[in-house]
Amino acid sequence: MRTQVAIVGAGPAGLLLAHLLQRAGIEAVVVEIRSREYAEQRVRAGVLEQGTVDVLIENGVGARLKREGLVHHGVELRFAGRGHRIDLTELTGGRSITVYGQQEVVKDLVAARLAAGAPLYFEASDVRVAGFDTDRPRVTFRHEGREHALDCDFIAGCDGFRGTCRASIPAGSLAVHERAYPFAWLGILAAAAPSRDELAYANHERGFALFSMRSPEVTRLYLQVAPDESLDEWSDDRVWSELHTRFAGDDGWQPNEGAILERGITGMRSFVAEPMRHGRLFLAGDAAHIVPPTGAKGLNLAVADVRVLARALARWYAAGEEEGLAAYSATCLRRVWRAEHFSWWMTSMLHRAPGEDSFRRRLQLAQLEYVVTSRAAATSLAENYVGMPFGTP
Ligand code: FAD
Ligand code: PHB
């Protein structure tokens, strides 16, 4: 088999890259180890930056997003028993965010690819990448009992944090920058109408909590827990009682309760491997970088990366231009490091670290107080939250 770009991984990064390349007349084959059902059901991120929404709509995969996505103009910070609204739209000259589940983006992109009859292999195994130091890269894999070898011009490593692409780059060629956090998030989806229209991030003595949503019928909620926490220790009653405690405030607002449809625990990590290119292998999305979810940036960074990569590849194929590909890593890393800082900052401001002393606690509260009373500080949060405009030529 031969193609122009072999794409490893059918998460948001791989699927959107395939779609953008197809629109530019460039052939690609996508190889994914999981099943279609798994990829489409995996509950993850929910906040799309305006730039992410724009890319999906401009490229013809935003029809359902436009109908079902919930446009939000603000978020709330809750601490010391009070809620404070940050008006994202007013502070950023009209920008907003859209709440639309990552798995819905994945469903829309899979449907578009299959409707176009373009190659997408689910449930592949033994996926290996080779030859990317030469001009004859190759991806090999097994699918439905048959061995496949895919020769290509470029490999896009879109296979997430635990994928094979980054791991195939020779040790010593990548610089890794990393931070693990001493806490995790327990997330639930509840069959309950969201009891407010916007997200609420709460800093409480007992730890962080987040109120979000997926639709007018489904609420998404998160609680800070210990990194080694077991779900077995969290009965429904305990989850609701802890949520009510952490969201309590003088306005009496609380999330509505409902049947818990899904639950999971996610560890928190910051991670960047650079450069994001090795020869003819380009890393994109979680394969190259991870952020803790507090800034809602992971999915948006993946989309920004592949937007830059698709344009650079289009220029290479159309005019033999190398500049875009040569600049790929540096272009993406500007946005990545801004998001790394923002996600780390939001995480540090909102979570309780085990054993933290009163000094750190008072600094957190002072910072929160500053963000909700200073227009300059609120603007800084807002422009990062809706997404910085740089980095996408
Ligand atoms: P992924 O979505 O990870 O996609 C990579 C794909 O590659 C997967 O489908 C995987 O099965 C496939 N793959 C892996 N190895 C191979 C291989 N060897 N060969 C072929 N295919 C392979 N972000 C937020 O903003 N908010 C959240 O609440 C949030 N929650 C998260 C919860 C979890 C459990 C995780 C892991 C991430 C979460 N994120 C969240 C981050 C966000 O979901 C990611 O940033 C986003 O999925 C990145 O997209 P991606 O396409 O780069 O990677
Ligand atoms: C979500 O809705 O899943 C969500 C929202 C905001 C975040 C993280 C996750 O910061």
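Order of appearance sets the numbers: ligands from 1, and atoms from 1 within every ligand.
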Which bit of L15 gets closer than 4.0 Å to ligand 1, counting heavy atoms only: side chain, backbone, both or neither? neither
Of P292, S343, P293, G295, which has the heavy atom at the shortest distance from atom 8 (C) of ligand 2? P293
Might you point out which heavy atoms bring A190 and L261 nearest each other, and give the distance in Å? C-CD1, 4.2 Å
For atom 27 (C) of ligand 1, what is the nearest protein heavy atom, given as residue, atom name and distance? A45 CA, 3.5 Å
Protein contact to atom 52 (O) of ligand 1 [nearest heavy atom, distance to 0.1 Å]: D286 N, 2.9 Å
Give the single entry among K297, R34, E32 that approaches atom 6 (C) of ligand 1 most closely by any heavy atom. E32
Can you pull out the closest protein heavy atom to atom 5 (C) of ligand 2? Residue, atom name and distance to 0.1 Å, please. V47 CG2, 3.5 Å
Is it the side chain (CB and beyond), the backbone, both or neither of Y222 that lies under 4.0 Å from ligand 1, heavy atoms counted? side chain
Protein heavy-atom partner closest to atom 4 (O) of ligand 1 - residue, atom, separation in Å: G11 CA, 3.4 Å
Can you give me the closest heavy-atom contact between I265 and A184, atom names plus distance? CG2-CB, 3.9 Å
Ligand 1 versus R162, non-hydrogen atoms closer than 4.0 Å: side chain, backbone, both, neither? neither
On the six-membered ring of Y328, is R277 placed so that its NZ or CZ lies under 6.0 angstrom from the centre and within 45° of the ring axis? no
Ring-face cation contact, Y385 with K297, 6.0 Å cut, 45° max: yes
So which bit of V99 gets within less than 4.0 Å of ligand 2, heavy atoms only: side chain, backbone, both or neither? neither
P12, any N or O under 3.5 Å of ligand 1 N or O: yes
Is R362 close enough and on-axis enough to F359, meaning under 6.0 Å and within 45°, for cation-pi? no
Give a yes or no on whether atom 9 (O) of ligand 1 lies under 4.0 Å from any heavy atom of the protein. yes
Starting from atom 14 (C) of ligand 1, find the nearest protein heavy-atom neighbour and note its residue, name and distance. D159 O, 3.1 Å
Which residue holds the protein heavy atom closest to atom 6 (C) of ligand 2, what is that atom called, and what is the gap in Å? Y201 OH, 3.3 Å
NZ or CZ of R196 within 45° of W253 ring axis and under 6.0 Å: yes
Salt bridge flag under 4.0 Å for residues E76 and R78: yes
Using a 4.0 Å heavy-atom cut-off, say whether S212 meets ligand 2 through its side chain, its backbone, both or neither. side chain
Contact region, C158 to ligand 1, non-hydrogen atoms below 4.0 Å, reads backbone
Heavy-atom pairs closer than 4.0 Å: do any link ligand 1 to the side chain of I33, the backbone, both, or neither? both
Counting heavy atoms under 4.0 Å, the part of R44 that contacts ligand 2 is backbone
Just do the ring pair (Phe, Tyr, Trp, His ring centres under 6.0 Å) check on F247 and H204 with the steps written out, would you? CA-CA 8 Å; F247 284 122; H204 187 271; 9.5 Å; no
Compare every heavy atom of I290 with every heavy atom of R269, then report the nearest pair and how far apart it is. O-CG2, 3.2 Å
As an exercise, state the distance from CG of D159 to CG of L283, rounded to the nearest 0.5 Å. 8.0 Å
From F79, F183, W185, residue fulfilling ring-ring contact (aromatic ring centres under 6.0 Å, His included) relative to F208: W185
Answer with side chain, backbone, both or neither: which part of L299 has a heavy atom less than 4.0 angstrom from an atom of ligand 1? backbone
Taking the side chain as everything from C-beta on, heavy atoms only, tell me whether E104 gets closer than 4.5 Å to L65. no
Closest contact, heavy atoms only, F342 versus N384: CD1-CB, 3.3 Å
When you look for heavy atoms under 4.0 Å from ligand 2, do you find them on the side chain of W185, its backbone, both, or neither? side chain
Of all protein heavy atoms, the one nearest atom 35 (C) of ligand 1 is R44 NE, 3.4 Å
Please list the nearest protein heavy atom to atom 3 (O) of ligand 2 with its residue and the distance rounded to 0.1 Å. Y222 OH, 2.6 Å
With heavy atoms only and a cut-off of under 4.0 Å, state how M268 meets ligand 1: side chain, backbone, both or neither. neither
Quick one: nearest non-hydrogen protein atom to atom 47 (O) of ligand 1, plus distance? Q102 NE2, 2.7 Å
Mark the output for A39 as yes if a heavy-atom distance to ligand 1 is under 4.0 Å, and as no if none is. no
Under 3.5 Å, N or O to N or O, is A13 touching ligand 1 that way? yes
